[in-house]
Amino acid sequence: MTKTTELAPKTVAKRNDILRFSLEVFAREGFGNTDVQIIADLAKVGKGTVYRHFGNKEQLFLATAKFSLEQAAAYVTKKIGGEEQVASVIGQHGATGLLRMIGTACAEYYRRHPQAVEIMIQERAQFRESVFPTHLMHREETRGGIDDIVAGAIKTGEFRKVNIAEVTTAYADLLYGSVVNGCLEGTKSKLVKRVDAALEIFLAGLKK
C-alpha cells in the first residue's frame, strides 16, 4: 500500500472518513464485536473498499489507533502554534509554560475524544502478544520535540541538570496515566484540571 502522504487528496479524505467511523465503532463495540460492514455503511462505501484500503480488520484497527494519535498530535500542534508562537510562550513563561500548554492541550483532546483512550486500551488487550503498542511507537517518533524543550530549559538555567531522556519519558507517562485513569474513572470532564495538577507537581521538581 502506498503511504498515505503519497495518495491523492480524495483518497486520503476517503481513508480518513473510514478511520473516523472506525474509531467510533471500535470504541463502542470492541474489536471482536465490530462488524466492518457497519463501518463501511457509515462511511458510505462498500465493505470491499474498506478492505482495499486497509487489508483486513486487524490492520484497520491498528490504522485507527495510529490515526487517533495523529489527530491528537495535530490538535496539540494547532493549540501551541508555530515556531514564532512557541518562542513567545517560552519567552514569557519559559519551558515550564510550554510543557504545561502541551499537556493541557492533550487533556483537552482526550476530554473531547475519550473513544481514543478506549482504542489504546483495546489494542493492548487484543494484540498484546503480537503488536508493539501504537502509542509507544508514536511516543518514540515524537519525543525529540520534548527532549529539545527540556534541553533548552537546562541550558538557560530554568531546569536543574537532569537526564533529558528520563524527563521526557516521565512527562509522557504522566500525561498517559492521567488521561487513561481519568477516563476509566469516568471523570473525563475533569481531565484538564487533573493534568494541570499533575504537571504542577512534576514541573516544580525540575526547577532550580
Side-chain angles (χ1 to χ4, degrees), residues 1-8 10-77 103 105-143 169 172-192 194-195:
M1 173 66 69
T2 306
K3 291 182 180 179
T4 302
T5 52
E6 298 173 348
L7 297 174
K10 286 186 178 180
T11 302
V12 173
K14 179 54 63 180
R15 283 172 59 90
N16 288 346
D17 279 345
I18 294 170
L19 289 169
R20 276 190 285 272
F21 288 115
S22 176
L23 177 60
E24 174 187 322
V25 176
F26 277 127
R28 183 179 67 243
E29 304 295 337
F31 177 80
N33 292 328
T34 289
D35 184 344
V36 175
Q37 183 64 59
I38 293 175
I39 296 171
D41 291 344
L42 289 170
K44 295 181 172 53
V45 299
K47 189 175 182 179
T49 298
V50 176
Y51 286 132
R52 188 162 60 252
H53 281 291
F54 299 102
N56 56 42
K57 184 178 175 181
E58 177 177 331
Q59 291 174 14
L60 173 61
F61 181 90
L62 295 176
T64 301
K66 182 178 180 182
F67 175 76
S68 69
L69 290 167
E70 290 172 343
Q71 292 295 104
Y75 180 86
V76 172
T77 298
C106 182
E108 288 175 354
Y109 177 82
Y110 286 106
R111 180 186 64 193
R112 297 178 183 183
H113 305 280
Q115 64 270 30
V117 175
E118 181 62 35
I119 293 298
M120 286 192 282
I121 295 170
Q122 284 188 35
E123 182 188 49
R124 176 60 177 165
Q126 187 70 37
F127 303 109
R128 63 183 305 163
E129 301 299 330
S130 59
V131 174
F132 188 74
T134 302
H135 76 276
L136 293 181
M137 287 191 289
H138 183 77
R139 176 192 296 190
E140 289 306 307
E141 292 170 358
T142 59
R143 65 178 295 135
T169 297
D173 287 346
L174 180 149
L175 293 180
Y176 176 82
S178 297
V179 165
V180 171
N181 287 334
C183 287
L184 289 177
E185 291 173 5
T187 56
K188 62 180 182 292
S189 63
K190 300 179 181 178
L191 277 184
V192 172
R194 185 184 190 122
V195 168

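Counting begins at 1 with the first residue of the sequence.
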For this session: Find the distance between NE2 (His135) and CZ (Arg124) and round it off to the nearest 0.5 Å.
Result: 9.0 Å
Exercise. Is Lys47 atom NZ crowded by more than 12 heavy atoms from other residues, nucleotides or ligands, each under 6.0 Å away?
Worked result: yes
Problem set entry | Audit row: Arg139, Leu69, side chain to side chain contact (heavy atoms under 4.5 Å, CB included) steps and yes/no | CA-CA 10 Å; Arg139 176 192 296 190; Leu69 290 167; over 6 Å; no
For this session: Indicate the atoms forming the closest heavy-atom contact of Ser68 with Tyr109, along with that distance.
Result: O-OH, 3.6 Å
Problem set entry | Test item: Arg15 side-chain N/O and His53 main-chain N/O as donor-acceptor pair under 3.5 Å | yes
For this session: Output yes when a side-chain donor or acceptor of Ser178 lies under 3.5 Å from a complementary backbone atom of Leu174, and no otherwise.
Result: yes
Problem set entry | From CG (Leu184) to CD (Glu118), nearest 0.5 Å | 8.0 Å
Seminar exercise, completed: Shortest non-hydrogen pair, Gly182 vs Leu191, comes out as CA-CD2, 3.8 Å
Seminar exercise, completed: CE of Met137 to CZ of Phe132, rounded to nearest 0.5 Å, is 7.5 Å
Exercise. Would you say the side-chain atoms of Gln122 pair up with the backbone N or O of Phe26, donor to acceptor, closer than 3.5 Å?
Worked result: yes
For this session: Test Gln59 against Tyr51 for side chain to side chain contact (heavy atoms under 4.5 Å, CB included), laying out the working first.
Result: CA-CA 9 Å; Gln59 291 174 14; Tyr51 286 132; over 6 Å; no
For this session: Please assess Leu60 against Leu19 for the test side chain to side chain contact (heavy atoms under 4.5 Å, CB included), listing each intermediate value before the final yes or no.
Result: CA-CA 8 Å; Leu60 173 61; Leu19 289 169; 4.3 Å; yes
Exercise. Is the Phe127 ring parallel, tilted or perpendicular to the Phe61 ring (thresholds 30°, 60°)?
Worked result: tilted
Problem set entry | Val76 versus Cys106, closest heavy-atom pair with distance | CG2-N, 3.8 Å
Seminar exercise, completed: On a heavy-atom basis, the closest approach of Gly103 and Val195 is O-CG1, 3.6 Å
Problem set entry | Nearest-0.5 Å distance that lies between atom CZ in Phe54 and atom OG in Ser22 | 7.5 Å
Seminar exercise, completed: One should read off an interatomic distance between Ile119 CD1 and Phe31 CZ, to the nearest 0.5 angstrom, of 10.5 Å
Seminar exercise, completed: By salt bridge (Lys or Arg N to Asp or Glu O under 4.0 Å), Glu24 pairs with (sequence neighbours left out) Arg28
Problem set entry | Interatomic distance, Thr142 atom OG1 to Glu70 atom CD [nearest 0.5 angstrom] | 11.0 Å
Exercise. Salt bridge (Lys or Arg N to Asp or Glu O under 4.0 Å) with Glu140: which residues, sequence neighbours excluded?
Worked result: Arg143
Exercise. Is a side-chain donor or acceptor of Glu29 paired with a backbone partner of Asp35 at a separation under 3.5 angstrom?
Worked result: no
For this session: Examine distances only and state if a side-chain atom of Glu123 and a backbone atom of Ala65 form a donor-acceptor pair shorter than 3.5 Å.
Result: no
For this session: Could you pull out the closest heavy-atom pair between Tyr110 and Ala116, with the gap in Å?
Result: CE2-CB, 3.6 Å
Problem set entry | Neighbour count above 12 (heavy atom, 6.0 Å) for Lys66 NZ | no
Problem set entry | Listed partners of Gln115 passing side chain to side chain contact (heavy atoms under 4.5 Å, CB included), at least two apart | Leu23, Ala27, His113
